[in-house]
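Worksheet for the structure shown next.
Heavy-atom basis, side chains included; hydrogens, waters and symmetry copies ignored. Just so you know, these numbers come straight off a predicted model, no measurement behind them.
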Amino acid sequence: MAIFRWMFARVLPDQAAGRLLDYRIPESMTSSIGVGSRVRVPVRTRLLTGTVIEVLSSCEYDTVRDISQLLDEKPMIRPALLELARWMADYYCCPLETAVCSVLPVAVRDGRVSVKKQNSVRLIAPITEEQLEALSRKAPRQADALRVLIKAAGPLPVSTAADQAGVSDSVYRSLEKNGLVVIEAGVVARNPYSERFVANAELVLNSEQAEAMLAVREAMVKPGQPILLFGVTGSGKTEIYLRAIREAINHGRTALVLVPEIALTPQTVERFKSRFADMQDNIAVLHSHLSEGERHDEWHKIHDGSARIVIGARSSIFAPLENLGVIIVDEEHEGSYKQDEAPRYNARDMAVLRASREGAAVILGSATPCLESWHNAQTGKYRLVRLNQRVDDKSMPVVRVVDLRRQSRSTPEGGILARPLSEAIEGRMAKGEQSILFLNRRGFSTSMICEACGHVCQCPDCSVSLTYHRAAERLICHICGHTRKAPKSCPKCSDPKIRFAGMGTQKVEEVLKKIFPKARIARMDADSMTRKDAYRETLGAFKEGKIDILLGTQMIAKGLHFPNVTLVGIINADLGLHVPDFRAGERTFQLLTQVAGRAGRGEMEGEVFVQTFTPFSPSIQFARHHDFQGFMEQEMEFREKFGYPPFGKMAMITLRGTVRERVEFSAQTLSRKLKAAALEGMTIGEGVPAPLEKAKTYHRFQVSMRGNSSMLLSRLAKETLQTLTMPEDVFVAVDIDPLHLM
């Protein structure tokens with residue numbers, strides 16, 4: 001008789017402050033538990049949920065407790081993703097359990113959401129016309145119920161069948177008793193994109209696209225060097241993505257597509273499901289606007305192998321796909337790929353890492369690559385593939401810079417729309433063409449200011465002014481959400497001359513309605529897109545020509561393809577240009593180029609109006625001439641001179657607390673400790689107030705770190721923080737490779 005050998009598991013509980021604990025695996029679970037399994041384990045007097053990190057054949061402790069429960073039949077986290085989480089915890093300076101939890105969506109991790117069950121009804125045997133007529137005379141409602149099933153030619157949810165027949169569910173239960181139908185319980189997938197799309201044929205590639213596809217095929221055969229697909233707006237990058245995915249599918253592999261904005265997802269899903277019409281049910285979608293149930297079902301669709309293609313936002317980089325063939329990061333320069341909570345990973349960088357570990361090709365696509373990716377391509381770390389021409393030789397839009405300093409403030413537009421832009425919109429409407437207007441600031445007015453004493457209505461919890469929202473007649477803070485009723489007179493001096501200053505998308509919308517009373521106008525921003533399907537409905541209406549002018553924030557700035565859009569207006573190009581961040585110029589150039597790229601994507605030539613108070617800014621001038629190369633050369637020279645990325649690495653440690661003096665003292669103490677332990681080549685900044693000094697009642701101080709290695713900066717931060725005892729009310733956040741310094 002064989003002797004049973006006990007096995008042990010090293011478990012990371014979700015709430016155990018990073019401790020790895022050893023447990024014995026009960027004999028009944030030995031064949032089921034593996035690395036990545038989710039289990040319930042006793043920790044002191046509580047039962048906690050955790051993840052199996054290792055399976056061991058022996059244990060150094062004499063007595064260990066047993067695992068109490070195995071939560072799933074097979075491991076929920078693939079070993080490759082678990083290793084990715086380990087690396088992420090080390091690199092991004094965060095607890096291991098935080099990194100592991102980010103790999104598994106909350107909807108799956110906490111067990112609150114389960115599969116959706118639904119009763120369906122079907123015929124047991126074919127019903128003859130004679131049977132149906134006989135039943136009609138005796139029980140007409142039952143006959144109506146049967147006709148619905150006959151027409152459906154298959155099972156239907158009981159509720160759906162009853163609605164179509166105009167009867168109650170009890171009618172089908174009566175038919176079941178009579179032996180005519182059977183009602184069965186089953187699992188129903190909550191599909192966020194259930195509509196069927198018509199097949200979309202492959203387009204003919206031009207010579208540049210054909211060369212790009214050769215590079216992609218080589219990368220898929222011999223992965224290793226990431227591809228930076230640098231293509232001007234409208235150059236056909238999406239067609240390269242689609243063909244790369246088809247290559248992966250044809251070789252029995254899977255594909256992952258990352259998009260930066262939720263607003264892009266509906267159009268992306270439509271394009272991909274149309275191209276892969278033969279396997280629409282094998283495409284899964286993941287993003288934060290799905291319901292918990294939809295996210296649960298889509299994730300399990302990937303986990304059980306039903307999904308071969310996954311499309312999603314940042315967190316989709318952890319989709320549990322097996323046998324990955326290609327990872328595509330569309331608009332790879334986008335800041336939304338950077339997570340702003342621990343672990344503060346960049347999905348673009350994680351895509352490169354995951355692809356290298358799993359033997360997949362990775363394509364980073366953009367018309368305005370970030371400087372780090374461009375530098376990697378110039379130094380040979382990435383392979384640069386160019387698409388210099390728009391598809392079908394369509395011309396780039398003409399960009400006209402409007403100097404707002406020379407525009408009259410007494411125009412009917414109130415200075416919001418310069419005369420050249422308003423006249424251009426009117427001309428496009430007369431031709432039945434569409435316009436997009438961009439302003440990266442929501443709300444009605446950016447502040448309320450008193451003309452008598454100069455008082456500005458400030459948020460009591462943040463160091464920013466409150467934004468006026470006309471629909472609600474309230475002042476709202478866009479940092480913490482603080483809200484209060486808009487005052488009729490100055491809260492400080494009681495003068496009634498308090499007025500609105502600045503502008504947001506709500507105010508622009510109001511002005512547009514006055515200037516163009518017959519225009520069909522839609523606004524897309526965080527305030528108007530609160531409903532789950534609002535993105536899809538608005539973009540669908542715009543595509544169908546039901547909207548003349550689409551006004552929005554950055555969610556409409558990139559990726560969208562509408563051939564009838566011939567005019568783009570950028571209402572204030574200066575927003576974001578004059579902030580204390582060395583990346584401000586780069587972000588402005590990228591945004592202007594991307595917004596301008598929405599124009600002239602069809603048969604008609606596009607035109608772009610850029611309204612600005614600083615018309616000679618390099619970011620604006622280079623964007624005006626579509627001169628990416630010129631902008632990069634100038635920006636690289638500036639970055640190299642001061643040692644900014646990509647010529648050096650950065651980390652930012654932010655301390656926050658409700659007592660300013662304590663936060664300041666802690667930041668200065670941390671700075672001194674870091675300087676004392678810093679290696680040669682590292683530069684440690686002083687503990688200084690953050691540009692956004694107060695947010696959500698917390699005072700904020702920062703310590704910057706610069707050096708040649710992000711991993712060494714991370715290690716220094718982690719080791720130094722372990723030696724310091726911070727006050728209980730001071731919280732510390734470490735951001736490796738930060739994108740925003742506010």
Side-chain angles (χ1 to χ4, degrees), residues 91-92 226 228 230 329 331-338 344-346 348-349 352 364-384 386 573-594 614 616-654 678-686 688 690-691 702-714 716-717 734-742:
Y91 185 87
Y92 289 108
L228 177 61
F230 168 47
V329 184
E331 311 292 4
E332 65 86 36
H333 65 278
E334 273 299 319
S336 54
Y337 284 127
K338 175 76 170 175
R344 292 173 172 79
Y345 65 89
N346 190 313
R348 177 199 65 222
D349 299 338
V352 172
L364 311 176
S366 177
T368 55
C370 71
L371 261 74
E372 287 82 355
S373 295
W374 185 254
H375 182 68
N376 285 336
Q378 297 302 304
T379 56
K381 188 175 178 181
Y382 293 173
R383 180 175 180 179
L384 179 62
R386 290 174 176 264
D574 303 320
L575 291 178
L577 186 59
H578 308 297
V579 297
D581 190 328
F582 70 89
R583 285 194 174 90
E586 179 187 7
R587 278 196 286 268
T588 299
F589 171 82
Q590 289 168 338
L591 199 55
L592 295 181
T593 303
Q594 292 288 340
T614 53
F616 300 109
S617 160
S619 298
I620 292 172
Q621 285 299 319
F622 281 118
R624 176 188 186 181
H625 297 290
H626 310 288
D627 187 2
F628 174 83
Q629 192 84 34
F631 176 79
M632 280 294 164
E633 287 173 3
Q634 176 177 294
E635 190 71 9
M636 283 287 193
E637 186 178 335
F638 155 69
R639 299 278 184 94
E640 187 171 20
K641 181 178 179 180
F642 292 99
Y644 286 128
F647 299 99
K649 301 297 183 182
M650 284 191 74
M652 185 67 74
I653 304 178
T654 302
L679 301 174
E680 186 179 350
M682 289 184 180
T683 303
I684 309 298
E686 301 294 334
V688 296
Q702 292 178 336
V703 179
S704 64
M705 305 172 66
R706 285 156 67 180
N708 298 319
S709 165
S710 294
M711 189 64 85
L712 290 178
L713 292 176
S714 175
L716 174 62
V734 181
D735 191 359
I736 306 297
D737 304 328
L739 284 188
H740 298 277
L741 306 182
M742 297 298 285

Practice item. Step by step, work out the side chain to side chain contact (heavy atoms under 4.5 Å, CB included) result for Phe631 and Gln621. Key: CA-CA 9 Å; Phe631 176 79; Gln621 285 299 319; over 6 Å; no

field: Chi angles and distances behind the side chain to side chain contact (heavy atoms under 4.5 Å, CB included) call for Val688, Val703
entry: CA-CA 7 Å; Val688 296; Val703 179; over 6 Å; no

Open item on the list: Under the criterion side chain to side chain contact (heavy atoms under 4.5 Å, CB included), I'd like the reasoning laid out for Met636 against Glu640: C-alpha separation, chi angles, the key distance, then a yes or no.
Closed with: CA-CA 6 Å; Met636 283 287 193; Glu640 187 171 20; over 6 Å; no

Please evaluate residues Leu228 and Asn376 with respect to the criterion side chain to side chain contact (heavy atoms under 4.5 Å, CB included), reporting the C-alpha separation (whole Å), side-chain torsions for both, the decisive distance (0.1 Å), and the verdict.
CA-CA 9 Å; Leu228 177 61; Asn376 285 336; over 6 Å; no

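Aromatic rings of Phe230 and Trp374 (six-membered ring for Trp) have centroids within the 6.0 Å cut-off, being under it.
Between Asn708 and Met682, the closest side-chain pair of non-hydrogen atoms is not below 4.5 Å. With a 4.5 Å cut-off on side-chain heavy atoms, His740 and Arg587 count as touching. Proximity of Gln634 to Phe622: side-chain heavy atoms (C-beta onward) are separated by under 4.5 Å at one or more points. The side-chain heavy atoms of Ser704 and Glu686, taken from C-beta on, include no pair separated by under 4.5 Å. Contact of the Ser714 side chain with the Tyr92 side chain is not registered, since no non-hydrogen atoms from C-beta on lie closer than 4.5 Å. You'll find the side chain of Met705 stays beyond 4.5 Å of the side chain of Thr683, heavy atoms only.
The residues Asp735 and Lys338 are annotated as salt-bridged, a charged nitrogen and a carboxylate oxygen being separated by less than 4.0 angstrom. Ion pairing between a basic and an acidic side chain is recognised when a charged N comes within 4.0 Å of a carboxylate O; Glu635 and Arg639 show such pairing.
The closest donor-acceptor contact from the side chain of Ser617 to the backbone of Thr614 lies at 3.5 Å or more, if one exists at all.
A pairwise comparison of heavy atoms in Ser619 and Leu592 identifies O-CD1, 4.3 Å as the closest pair. For the residue pair Phe582 and Pro645, the shortest heavy atom distance occurs at CZ-CD, 3.7 Å. Closest of all the heavy-atom pairs between Pro369 and Met632 is O-CE, 3.1 Å. In terms of heavy-atom proximity, Ala573 sits nearest to Thr588 at O-CG2, 3.9 Å. The shortest non-hydrogen separation linking Leu713 to Gly707 is CD1-N, 3.9 Å. Between Arg344 and Val734, the closest heavy-atom pair is CD-O, 3.6 Å.
Using a 3.5 Å distance cut-off with no hydrogens or angles, the side chains of Tyr345 and Asp737 do not pair a donor with an acceptor. No side-chain N or O of Tyr382 forms a donor-acceptor pair with one of Ser373 less than 3.5 Å apart.
The SG atom of Cys370 lies 10.5 Å from the CD atom of Glu334; values are rounded to the nearest 0.5 Å. The CD atom of Gln590 lies 4.5 Å from the NE2 atom of His333; values are rounded to the nearest 0.5 Å. Atom CG of Asp581 and atom CG of Leu741 lie 4.0 Å apart (nearest 0.5 Å). Between the OG1 atom of Thr368 and the CD atom of Gln594 there is a distance of 4.0 Å, given to the nearest 0.5 Å. Leu371 CG to Gln378 CD: the interatomic distance, rounded to the nearest 0.5 Å, is 10.5 Å. Considering CZ of Arg706 and CD1 of Ile684, their distance stands at 10.5 Å, rounded to 0.5 Å.
The aromatic rings of Phe589 and Phe628 lie tilted to each other, with the angle between the two planes from 30° to 60°.
Just one residue in the list Lys381, Lys649, Arg583 forms a salt bridge (charged side-chain N to carboxylate O under 4.0 Å, His left out) with Glu372, and that residue is Arg583.
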